[in-house]
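Some notes on the structure that comes next.
Here the structure is a predicted model, which is why all the values come from computation and not from measurement.
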Amino acid sequence: TASAPQHQVLQLATLPALQELHLECRGLQAAAAAAPAWALLPQLRGLAVWLCGSEAPSKRQPFAVCAGAAAATQLTSLQLD
């Protein structure tokens with residue numbers, strides 16, 4: 001089953017007129033949860049992930065974000081901050 005962030009992102013893929021998509025994720029935890037869905041969005045062109053200063057990331061979260069970004073083969077813009 002998809003997590004809530006994944007489900008929300010995947011709903012965007014059902015929009016037939018959507019040709020280009022730019023996502024902004026605030027927080028590593030939210031980005032890591034949504035990352036597996038990024039590969040399923042062929043319209044995804046831009047991705048920005050903003051880390052929150054008070055957030056204590058797990059060791060897996062940065063890897064999940066990087067793997068998700070790498071799997072989004074149509075990306076033309078990536079910002080990790």
Please report, to 0.1 Å, the donor-acceptor pairs under 3.5 Å made by any side chain of residues 64-77, with sequence neighbours excluded.
from: Thr76; atom 1: OG1; to: Arg45; atom 2: O; distance (Å): 3.2

Find the distance between [atom1] ([X]) and [atom2] ([Y]) and round it off to the nearest 0.5 Å.
X	Y	atom1	atom2	answer
Gln29	Gln61	CD	CD	5.5 Å
Arg60	Leu28	CZ	CG	14.0 Å
Leu12	Leu44	CG	CG	9.5 Å

task = Would you list the pairs meeting salt bridge (charged side-chain N to carboxylate O under 4.0 Å, His left out) in which at least one residue belongs to residues 4-24, sequence neighbours left out?
result =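 Output for this query lists Glu24-Arg26.
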Leu51/Asp81 under side chain to side chain contact (heavy atoms under 4.5 Å, CB included): CA gap, chis, key distance, verdict = CA-CA 6 Å; Leu51 303 181; Asp81 218 353; over 6 Å; no
message = Under 4.5 Å between side-chain heavy atoms, counting indirect links through other Ile/Leu/Val/Met/Phe/Trp/Tyr residues: same cluster for Leu18 and Val9 or not?
response =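 Yes, it is one cluster - the side chains of Leu18 and Val9 are joined through contacts under 4.5 Å.
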query = Who are the side chain to side chain contact (heavy atoms under 4.5 Å, CB included) partners of Ala35, not counting sequence neighbours?
reply =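 So Ala35 forms a side chain to side chain contact (heavy atoms under 4.5 Å, CB included) with Trp38.
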inquiry  = Applying side chain to side chain contact (heavy atoms under 4.5 Å, CB included), can you list everything that pairs with Gln11, at least two apart in sequence or on another chain?
reply    =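 With sequence neighbours excluded, Gln11 shows a side chain to side chain contact (heavy atoms under 4.5 Å, CB included) to His7, given in chain and number order.
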